[in-house]
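Data block below; observations after.
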Amino acid sequence: MSLISVRDLTVEYHTDSGVYRAVEDLNFDLEQCETLGLVGESGCGKTTAMLALMRLLPEVGRIVSGAVLLDDSDLMRIPLPEMRQKRWGDISMVFQGAMNALNPVRTVGSQIREAIDLHTAVPRDQIDKEIEKLLDYVGVAPSYKDRYPHQFSGGMRQRSMIAMALACKPKILIADEPTTALDVMVQAQIMDLLDELKAEFNLGIIVVTHDLGVVAEYCDHVLVMYGGRMVEYGDADQIFNKSVHPYTQRLMLAFPDIENPNAELASIPGHPPPLDDLPPGCRFEPRCGVGGQRCSRETPDIYTVEPGHLCSCLLAKPKGSAADE
Ligand SMILES: Nc1ncnc2c1ncn2[C@@H]1O[C@H](COP(=O)(O)OP(=O)(O)OP(=O)(O)O)[C@@H](O)[C@H]1O
Ligand SMILES: [Mg+2]
């Protein structure tokens, strides 16, 4: 059984200017000791999907349908007090940009203390030890607990955020853009740290990232999103070497290749569709240029390319399938 199974998750934002569907029919599973990379251009719904899993959407966000199965519970349906226990305790998150949101006038230790205080039953007289242990896990000298965020490097601040997310010993850790705004060396150190923690605590990790280099090196599986939907899912080899969806292929071409650094990069022309003006049929069709006329009319199903490799594109539709006849 999977550690967590996401089934048909659909999320809307109900704003003054209208109702927008930011995530639609998202499905995936995550196993223990697995790192899943969630990729796609800005605005495709990555953070929204992760906040929905935590039931931490902003006020205007609504989970319209879907299930998130963890152990024997559906996180989308359990009463809020029960969800509060699962949140941080079973499923935890390092938020996008959080390392820059540390309170500048409080020591890092006191901010970790708050996480422990709020979310665990660690007795008061043992909290100091616990803070030191957590900092040690993430590679920050325990004595740094009495220092302020401005005395920390970017990498140390991100490590501290990871320490907070681990305070309740979760089974699943979501890291939303954990390496953005860090220099390349530090990015690798943070990813190495997540990798070590995964092995040490048998974590399942979801990494949201724009960095396909990170995905190639650290992720077992990759889920590519576009316009709120999953367009392709597979293991790293299937996505990097055998991708079928034109969007995935374009994403790869837009990213520098370490083995071929002089290759010309081809950015994807145009922009993702605005949520209030989604094209009929395939959402990538206006930028695709590969598919046929049917793509602008027909919403592709999710097709199995080979076992474990899924693609939502008419090009991946098996030849001679019933709908073709
Ligand atoms: N609080 C909100 N109210 C209304 N719309 C929102 C809200 N938060 C996000 N959205 C919209 O939902 C869509 C998905 O946003 P989301 O932040 O999930 O994307 P993302 O893939 O995480 O992007 P990025 O890579 O820039 O972090 C976007 O169109 C965004 O404008
Ligand atoms: Mg985001």
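Atoms within each ligand, like the ligands themselves, are counted from 1 in listed order. Because only heavy atoms are used, hydrogens play no part in the values below, and waters and symmetry mates are left out as well, while side chains stay in.
No heavy atom of Gly40 sits closer than 4.0 Å to any atom of ligand 1. The shortest heavy-atom distance from His210 to ligand 1 is under 4.0 Å.
The Mg ion (ligand 2) has an N, O or S atom of Gln96 closer than 2.8 Å. Checking Thr48 against the Mg ion (ligand 2), every N/O/S atom stays at or beyond the 2.8 Å cut-off.
Given atom 26 (O) of ligand 1, the protein heavy atom at minimum distance is Ser42 OG, 2.4 Å. Here the heavy atom of the protein found nearest to atom 30 (C) of ligand 1 is Leu275 CD1, 4.7 Å. At the shortest separation from atom 12 (O) of ligand 1 among protein heavy atoms lies Tyr13 CE1, 3.4 Å. At the top of the distance list for atom 18 (O) of ligand 1, counting protein heavy atoms only, stands Thr48 OG1, 2.5 Å. Of all protein heavy atoms, the one lying nearest to atom 28 (C) of ligand 1 is Gly43 O, 3.7 Å.
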Checklist entry - Would Tyr233 and Phe28 satisfy ring pair (Phe, Tyr, Trp, His ring centres under 6.0 Å), going step by step from the backbone distance to the final call? => result CA-CA 9 Å; Tyr233 171 88; Phe28 66 86; 7.8 Å; no

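The closest side-chain donor-acceptor pair between Lys198 and Thr35 falls under 3.5 angstrom. Looking at Glu41 and His271, their side chains never bring a donor and an acceptor atom within 3.5 Å of each other.
A donor-acceptor pair under 3.5 Å is absent between the side-chain atoms of Arg157 and the main chain of Leu102, judged by distance alone. In this structure, Arg21 contributes its side chain and Glu12 its backbone to no donor-acceptor pair below 3.5 Å.
Ligand-side atoms of ligand 1 in range of Pro58: 1 (N), range being under 4.0 angstrom from any heavy atom. Those atoms of ligand 1 that come under 4.0 Å of a heavy atom in Gly45, given as number and element, are 14 (C), 18 (O), 19 (O), 20 (P), 21 (O). Ligand 1 places these atoms under 4.0 Å from at least one heavy atom of Thr47: 17 (O), 18 (O), 20 (P), 22 (O), 27 (O).
Only the side chain of Gln96 comes within contact range of ligand 1, with a heavy atom under 4.0 Å; no backbone atom does. When heavy-atom distances to ligand 1 are checked against a 4.0 Å cut-off, Ala22 comes that close only through its side chain, counted from C-beta outward. At a 4.0 Å heavy-atom cut-off, ligand 1 touches Thr15 through the side chain alone.
With ring centers used as reference points, Phe284 lies under 6.0 Å from Tyr226.
For atom 2 (C) of ligand 1, the protein comes within 4.0 Å by at least one heavy atom. Atom 24 (P) of ligand 1 lies below 4.0 Å from at least one non-hydrogen atom of the protein.
Listed here is the closest heavy atom pair of Ala165 and Pro170: O-CG, 3.5 Å.
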